[in-house]
2 protein chains.
Amino acid sequence: MLMKMTGDNNITEVARRTRRRRTGAAAKKPTVADIARAAGVSTATVSRALNKPDAVSAKLRNKVARKVRELGYVPSGAARALASNRSFTIGTVIPTLNNAIFAASVDAFEETLSRHGYTLLVTVSNYDRPHEIEQVRRLLERGVDGLMLIGLDHPEEVWQMIERSACPAVAIWGHNDKPRVPCIGFDNAAAAEHAVDHLVELGHRRIGMVAGLSFGNDRARARRAGVERALAKHGLPVVPALFTEKAYSHDYGRDGLTELLSHGAPPTAIMCGNDVLAMGVMFEARDRGIAIPDDLSVVGFDNLPITSQLRPALTTIEVPSVPIGMASANAIVAYLTDGSPIQSKSFPAPFVMRATTQSVR
Amino acid sequence: MLMKMTGDNNITEVARRTRRRRTGAAAKKPTVADIARAAGVSTATVSRALNKPDAVSAKLRNKVARKVRELGYVPSGAARALASNRSFTIGTVIPTLNNAIFAASVDAFEETLSRHGYTLLVTVSNYDRPHEIEQVRRLLERGVDGLMLIGLDHPEEVWQMIERSACPAVAIWGHNDKPRVPCIGFDNAAAAEHAVDHLVELGHRRIGMVAGLSFGNDRARARRAGVERALAKHGLPVVPALFTEKAYSHDYGRDGLTELLSHGAPPTAIMCGNDVLAMGVMFEARDRGIAIPDDLSVVGFDNLPITSQLRPALTTIEVPSVPIGMASANAIVAYLTDGSPIQSKSFPAPFVMRATTQSVR
DNA sequence: TATTAGTATGTAAGCGCTTACATCGCAAGG
DNA sequence: CCTTGCGATGTAAGCGCTTACATACTAATA
């Protein structure tokens, strides 16, 4: 028996050494086994001392803690994830980081997650659907404990992968009665509708829109739909030539204004799909000598910090990006912690009246 | 022998079932073993078919691929990482996502990484040093294959952890002769110095600065140092009252101008630590009726997209954020792929002359 | 004092992969 | 026809953890 053990140990040792050479690591990093040996306890005790301290006597707990420090032990996340089936990692795929509003949400999301010991895995889709599918697949492969998606508009494959993997997910930013996953956001359409109500109240009758690109973007679509709904509600015509969709940049906003202006009966007010487009409209108007709000009323969407500094200050809609980010993180953590189901939730998106809107002359 | 095997199998089966109940998974997800069984090959062949396709005959490769599809097999990243000691994951800790310039770099970094099959793990430090240490520790625990840090100013613990873990790292954004890790960025000081040269050429003698917060921020410090160096070079005094440091917001920029203006001999030109502060200065000047550039010249730093749309358009310094992001990603991937060492690199940061600077009256 | 609960440890079986090494064929060379 | 060699597969040993279960104690109860 003793001999057998010795033999086994030798074999093990040889294997270890081989492995070591293979991976090329010079000084092997310590493992639970090393800590256990050094502290004179079992690996189970080490694991418990680290993960559920009160299941271990104070004496051993301290001894383990000391050895951990002495040897500079760093647990292996991969091994832990494999053994426990939990990675303490949440994944997200966003269209781009390069957008202040998403960034604010993701920032808040990450911070909340981090406070609960989770790490955020960020991937970017660049508004490319196949790429998005790929990114979700990778996140799932990586064994994320949860997933956060922006908006409700995602390829069917994405939903299927999420369902098959039984990975808790939350979609932010949107608002929908029957989302494929719980949805924490706000009612884009209602917010846009409300802004148009305001314009109509001011006497505007020819209202145009420079919307964001709606393909694969339910927020942009909802905002546009809200505008059209409001117009219909007030018995105003939806003139196709007064609606245009543009990508996200000041210059495209400028183009948008140029386009609407080319119509025989140009609008007296323009609702924009986001603040960047709205600013573009303002810049173009300024360069053309069109006075805002005297000649043209403009409303943005997002309430970027800079909009309050412009002159005239932009009337816009506040997007609750930080609350959304925090709420989503909390919802996922709660689900992971005690199984409380993730509830859809809608935050208010207040209308921020400033100086770019005025009664029609 | 046969009986023994049967016995073993039973034990295994019982264990499996127990485990299954423990993890609570309803329908077990398929593993390599399932694919191997279904395809009538060994697990090794499955692994090879998936990871190094040309080591396997076309026939088996296809059979495996088919079964993978049929069973909806998704490899486990954790198991793969544990067994291969590679996670195909790169970590980064940035001060905040909520900053267009970082976002642009991270975006480019992620995209490049993704193209090479790596996933980006983003964490945020919120400019908090202990928190940064914690985040680096977590990334290392997660077994990232590489690390990207912003700037050169990091707690000693961070450097030590990186060194101990032997994890390849790159610091971006800065520029230094003897960095602790390779550094891909640009020379902030030289860029700022160059801008001041320009101001001096225009005849400015009283030049102030609204700098970014320099604590724990080598970029802000370098920019300030560059300004002071330029002043000294031209034999101009560095008047402490004409230098102020402010956090990152338009309002702080406004405060900065207010502060410099309260000096008996206010500056005729102000160099700003970044564009947001510069815009704040411009907004405050506008509200005070100070004409830019007639009464005051202003220079920003970063070249945010909006700066070209302002009137007057902001003179600023272009930061090569996208090249930096791409180069860092490529450097790390190259190191991981064929061991080519990561080289420090400095990109040019061109001076963008626009309309906020003018000869002193 | 014998018995019963706990409570604190230890033992060892996996988690799902990768990969060193052993085998097995088969084609080419002697 | 028998080696030799090499590419294609299989075998099985880990990777570093977690955790169900067994065991050893201790203290309280009968």
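As the structure is a computational prediction, the values presented were derived from the model and not from experiment. Every chain is numbered from 1, with letters handed out A, B, ... down the list of sequences.
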S.K.: Taking the side chain as C-beta and beyond, is there a heavy-atom pair between Leu120(A) and Val106(A) under 4.5 Å?
M.R.: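 With C-beta onward as the side chain, the pair touches.
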S.K.: According to a strict under-4.0 Å criterion, is Ser76(B) in side-chain N/O contact with OP1 or OP2 of dC17(C)?
M.R.: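 For Ser76(B), the contact criterion (side-chain N or O under 4.0 Å from OP1 or OP2 of dC17(C)) is not met.
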S.K.: Rounded to the nearest angstrom, tell me the gap between atom NZ in Lys59(B) and atom C1' in dG7(D).
M.R.: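 Rounding to the nearest Å, NZ of Lys59(B) and C1' of dG7(D) are 15 Å apart.
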S.K.: Any side-chain heavy atom of Val170(B) within less than 4.5 Å of one from Val181(B)?
M.R.: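 Heavy-atom side-chain distance check fails, nothing below 4.5 Å.
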S.K.: Can you check whether Val124(B) reaches Glu111(A) side chain to side chain, under 4.5 Å on heavy atoms?
M.R.: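 In short, these two side chains do not touch, never coming nearer than 4.5 Å.
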S.K.: Which atom pairs link the protein and nucleotides 6-10 of chain C when you take only N or O atoms and keep those under 3.5 Å?
M.R.:
from: dT9(C); atom 1: OP1; to: Ser57(A); atom 2: OG; distance (Å): 2.7
from: dT9(C); atom 1: OP2; to: Ser57(A); atom 2: N; distance (Å): 2.9
from: dG10(C); atom 1: OP2; to: Ser42(A); atom 2: N; distance (Å): 2.8
from: dG10(C); atom 1: OP2; to: Ser42(A); atom 2: OG; distance (Å): 3.0
from: dG10(C); atom 1: OP2; to: Thr45(A); atom 2: OG1; distance (Å): 2.5
from: dG10(C); atom 1: N7; to: Arg48(A); atom 2: NH2; distance (Å): 2.8
from: dG10(C); atom 1: O6; to: Arg48(A); atom 2: NH1; distance (Å): 3.3

S.K.: Does CE belonging to Met161(A) count more than 12 external heavy atoms closer than 6.0 Å?
M.R.: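 For Met161(A), atom CE is crowded (more than 12 foreign heavy atoms under 6.0 Å).
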S.K.: Distance check needed: dG16(C) P versus Glu141(A) CD, whole Å only.
M.R.: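 Taking atom P of dG16(C) as the reference, CD of Glu141(A) is at 15 Å.
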S.K.: Going by the side chain to side chain donor-acceptor pair (under 3.5 Å) test, name the single residue among Gln160(A), Glu156(A), His154(A) that passes it with Arg180(A).
M.R.: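 Among Gln160(A), Glu156(A), His154(A), the one meeting side chain to side chain donor-acceptor pair (under 3.5 Å) with Arg180(A) is Glu156(A).
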S.K.: Whole angstroms only, please: what is the CZ-P distance between Phe88(A) and dC17(D)?
M.R.: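 Atom CZ in Phe88(A) sits about 15 Å away from atom P in dC17(D).
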S.K.: Rounding to a whole Å, what distance do you find between Ile35(A):CD1 and dC17(D):C1'?
M.R.: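 Going from Ile35(A) (CD1) to dC17(D) (C1'), I get 13 Å.
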S.K.: Measure up the Phe88(B) and Tyr118(B) rings against each other and bin them: parallel (under 30°), tilted (30 to 60°), perpendicular (over 60°).
M.R.: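 Aromatic pair Phe88(B)/Tyr118(B) classed tilted.
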S.K.: Roughly, in whole Å, what's the span from CZ in Arg142(B) to P in dC15(D)?
M.R.: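 Atom-to-atom, Arg142(B) to dC15(D), this comes out as 23 Å.
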S.K.: When the distance from CG of Asn85(A) to P of dC17(C) is rounded to whole Å, what number comes out?
M.R.: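 In whole Å, dC17(C) P and Asn85(A) CG are 12 Å from each other.
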S.K.: In whole Å, what is the span from the CZ atom of Arg80(A) to the C1' atom of dT19(D)?
M.R.: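 Value for this atom pair: 14 Å.
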